[in-house]
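Structure first, commentary second.
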Amino acid sequence: MPSSTVADGTLAELHFADPCPIATVAMEVAGTNEPLRQATSEDFESWVDHLAAYYAAGGIAEPAARETAGSVIALLEGAFMLGRAARSTAPVLGAAKAAAAIVRAALAGE
């Protein structure tokens with residue numbers, strides 16, 4: 001049985017409803033409401049900034065730290081969407097494995 005992560009636990013605890021309200025808003029209004037599109041973009045950008053700083057502190061050189069952070073967040077957001085649609089935590093668990101591989105590769109300088 002796959003191991004649990006914080007993200008898949010959150011998805012299950014929320015009964016697969018709105019694990020990321022920011023993504024929900026972004027998907028719904030990005031093409032029709034510029035102020036909300038900009039706000040969601042800024043939120044996601046702040047997440048990338050914080051995660052990139054964490055990765056850089058852990059030894060991943062810039063700009064790889066930023067690229068890695070963006071990839072990990074994109075993986076998780078996509079996994080939330082797929083998990084929500086399927087009512088399954090499997091996509092989140094798969095994304096966690098892929099994210100770990102991406103971080104390991106970045107640490108190795110690949």
Side-chain angles (χ1 to χ4, degrees):
M1 179 172 185
S3 64
S4 182
T5 67
V6 172
D8 75 299
T10 299
L11 186 60
E13 287 172 17
L14 293 172
H15 304 286
F16 303 93
D18 268 342
C20 181
I22 295 166
T24 300
V25 170
M27 292 297 293
E28 292 295 320
V29 302
T32 60
N33 186 311
E34 182 59 18
L36 283 177
R37 184 212 58 80
Q38 194 169 9
T40 59
S41 177
E42 289 169 4
D43 284 340
F44 285 129
E45 190 66 22
S46 75
W47 296 0
V48 171
D49 290 345
H50 284 90
L51 192 55
Y54 178 79
Y55 289 156
I60 299 175
E62 285 290 346
R66 184 161 192 76
E67 182 178 312
T68 302
S71 295
V72 168
I73 290 170
L75 272 169
L76 184 57
E77 288 299 327
F80 274 148
M81 181 182 61
L82 294 173
R84 189 173 178 197
R87 297 191 63 79
S88 170
T89 59
V92 176
L93 293 170
K97 288 180 185 176
I102 289 169
V103 171
R104 280 192 299 274
L107 281 167
E110 297 174 7

**Asked** Nearest 0.5 Å, what's the CD-CD1 distance between Glu110 and Ile102?
**Response** 12.0 Å

**Message:** A side-chain contact here means heavy atoms from C-beta on lying under 4.5 Å apart; do Val29 and Thr40 qualify?
**Reply:** no

Using every non-hydrogen atom in the two residues, find where [X] and [Y] come nearest and quote the distance to one decimal.
X: Ala65; Y: Ala56; result: CB-N, 3.9 Å
X: Ala69; Y: Ala52; result: CB-N, 3.5 Å
X: Val72; Y: Val103; result: CG2-CG2, 4.2 Å

According to a hydrophobic-cluster definition based on side-chain heavy atoms being under 4.5 Å apart (Ile, Leu, Val, Met, Phe, Trp, Tyr only), do [X] and [Y] belong together?
X: Tyr55; Y: Trp47; result: yes
X: Val92; Y: Leu82; result: no
X: Leu107; Y: Tyr54; result: yes
X: Met81; Y: Val25; result: no
X: Phe80; Y: Leu75; result: no

**Message:** Counting only heavy atoms from other residues, nucleotides and ligands, does the tally under 6.0 Å from CD of Glu28 exceed 12?
**Reply:** no

**Prompt:** Can any side-chain N or O of Ser71 pair as donor or acceptor with the backbone N or O of Glu67 at less than 3.5 Å?
**Reply:** yes

